[in-house]
Amino acid sequence: MLQQTRVEAVRPYYENWMEHFPTVEALAAADGDEVLRQWQGLGYYSRARNLHDSVKEVVSRYGGRIPAEKSELLTLKGIGDYTAGAISSLAYNKDETAVDGNVLRVFARLYGIRENILSAKVKKKVTELAREQLPEGKAGVFNEALIEFGALLCIPKSPKCGECPLRHFCEAKATGLEKELPLRITGKDTPTERYAVLICRKSHTVLIHRRPSEGLLASMWEFPMVRCDQPHGDGAGLRHYLSGQGLVVSVEETVTAELKHVFSHKKWDLAVYEGRYVSGELAESEVWRWLPVEKYAALPWAGPHGKLTACL
DNA sequence: GATGCGTGGGG
DNA sequence: TCCCCAAGCAT
C-alpha cells in the first residue's frame, strides 16, 4: 500500500484491510472482486491484484509464511528491489538494503549527488553507498531510521536542516543546494482528457460498465462515459441525439458536485456508448450490467464514481 | 531507459 | 488555482 502513497492516505485503508483480511490465509481465500473493492479509492489497482496473487503463492508454495530471502521475495508479483529489501530487513533483520524515495533523497543531499535520482544509475550508486554503511546485524533499524529520517526531517521541500543532526556533514547544506537537491527529471507531462458520464436508469436499476482487466483503473466498474473534448465523442451531441429519440438521459462531466445533482433527480433510462445504441434490451454480460441500486456497495468502483454510490 | 499506473495534501 | 509529488513496479 505504501508504494508511491503517503502514510496518511494508507492508514485508514490499512486498518480496514486488516479487519477484512486478518491473515494471509484469509486474503488468499478472498474473492478477487472483494479484494479490489477494499482497495477502491487508494489508486494503483494493480497493487491489489499483485498482492492477492502473491499471497496465494505464499500459501501454496511457502506454507503461509512470507519468505525472508530477497531472491525468493523478488519472484512474487508486485515485489521489486525496494519492497523485497524492506521485508527481508525490517521483518527478518537480514542484511539487505532498502532504498526507497526517502533514502534516495537523503543520500542525494548528504553526498551532493547532482544527478537525476529517478535514473537507474543513481539508484545503483545510492544502493552501493547504503550497502557500505549498513551495520551488520542491524539492517532493520538502520533502514527504518533512514526512511523515517527522510520522511520527517530530510523532506522534499524546505528540509528541516536546523534540527538535522547531520547538518554539519551534509554536502548539499555545505554548498547551499539543500533545496535544489535531489534532482527529479521526469518525461513529458500527462495530457488531460474530458469525459461525460451517463446515468441511465431503468426501473430500479442503473446501467454500469466494467473496465478492461488491463490498463487504467483495470477491472473497476464505472458509469458509461464518452469523450467530450473531441468531435467524435461529443457529450452535447449525444444528449441531442438521445432527446431526438424521445429518451430522457443525463450527460454530465465528471464533476462530483454535478453528479450528485444528477443523482437527485433519478429519471434516466437509456444511454449511448461509443456511438452504439444501448437499450433496455442490452444483454447482461461481463462488461455491461443493469444493476439494482442496492447492490452498488458490493462492486469495486472506479475513481470518483466510487464516491457516488452513496447517493443512490 | 522510458512510460503507464491514482489519489490527495501541501505550498 | 496550479503544480509538485509520495515507503515502486511491470512492461
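Numbered from 1 within each chain, the chains take letters A, B, ... in sequence-line order.
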What is the separation between atom [atom1] on [X] and atom [atom2] on [N], rounded to the nearest whole Å?
X: Tyr82(A); N: dA6(C); atom1: OH; atom2: C1'; answer: 12 Å
X: Asn102(A); N: dC5(C); atom1: CG; atom2: P; answer: 14 Å
X: Tyr13(A); N: dG9(B); atom1: OH; atom2: P; answer: 11 Å
X: Arg6(A); N: dG6(B); atom1: CZ; atom2: P; answer: 18 Å
X: Lys160(A); N: dG11(B); atom1: NZ; atom2: P; answer: 10 Å
X: Leu76(A); N: dC9(C); atom1: CG; atom2: P; answer: 12 Å
X: Leu118(A); N: dC5(C); atom1: CG; atom2: P; answer: 9 Å
X: Leu183(A); N: dC5(C); atom1: CG; atom2: C1'; answer: 15 Å

Under 4.0 Å from OP1 or OP2 of [N]: is there any side-chain N or O of [X] that close?
X: Gln3(A); N: dG8(C); answer: no
X: Tyr44(A); N: dA6(C); answer: no
X: Arg47(A); N: dG6(B); answer: no

As a test of reading the structure: which of [options] is closest to the side chain of [X], going by heavy atoms?
X: Tyr45(A); options: dC5(C), dT7(B), dA7(C); answer: dT7(B)
X: Lys157(A); options: dC5(B), dC9(C), dC5(C); answer: dC5(C)
X: Arg105(A); options: dA10(C), dA7(C), dC5(C); answer: dA7(C)
X: Ala120(A); options: dA7(C), dG1(B), dG9(B); answer: dG1(B)
X: Gln4(A); options: dA7(C), dA6(C), dG8(C); answer: dG8(C)

| message | Whether the side chain of Thr5(A) and the base of dG8(C) hold a donor-acceptor pair under 3.5 Å is what I'd like checked. | response | no
Is there a donor-acceptor pair under 3.5 Å between the side chain of [X] and the backbone N or O of [Y]?
X: Ser88(A); Y: Ala84(A); answer: no
X: Ser119(A); Y: Ile117(A); answer: no
X: His52(A); Y: Ala30(A); answer: yes

Identify whether any heavy atom of [X] sits under 4.0 Å from a base atom; if not, whether one sits that close to sugar-phosphate; answer base, sugar-phosphate or nothing.
X: Gly215(A); result: sugar-phosphate
X: Thr83(A); result: sugar-phosphate
X: Val103(A); result: nothing
X: Ile79(A); result: sugar-phosphate
X: Glu148(A); result: base

| said: Please determine whether residues Leu2(A) and Tyr14(A) belong to a single hydrophobic cluster, defined as Ile, Leu, Val, Met, Phe, Trp and Tyr linked transitively by side-chain heavy-atom distances below 4.5 Å. | reply: yes
| task | Decide whether Arg47(A) and Asn50(A) meet the rule of one side-chain donor and one side-chain acceptor closer than 3.5 Å. | result | no
| field | Atom P, compared across dT11(C) and dG6(B): separation rounded to whole Å | value | 14 Å
| message | For the P atoms, the ones on dT3(B) and on dA7(C), what distance do you get once it is rounded to whole angstrom? | response | 23 Å
| task | Would you please indicate yes or no on a ring centroid separation below 6.0 angstrom for Trp301(A) and Tyr296(A)? | result | yes
| Position toward the 5' end of DNA chain C (nearest nucleotide), Leu2(A) or Leu74(A) | Leu2(A)
| request: Name the residue closer to the 5' end of DNA chain C, choosing between Lys77(A) and Val7(A) according to the nucleotide with the nearest heavy atom. | output: Val7(A)
| query | Pick the nucleotide of DNA chain B nearest each of Gly187(A) and Ala9(A); which residue has the one closer to the 5' end? | reply | Gly187(A)
| query | For Ser158(A) and Leu42(A), take the nucleotide of DNA chain B holding the closest heavy atom to each; which residue's nucleotide lies nearer the 5' end? | reply | Leu42(A)
| field | Salt-bridge present (Lys123(A), Glu128(A); N to O < 4.0 Å) | value | no
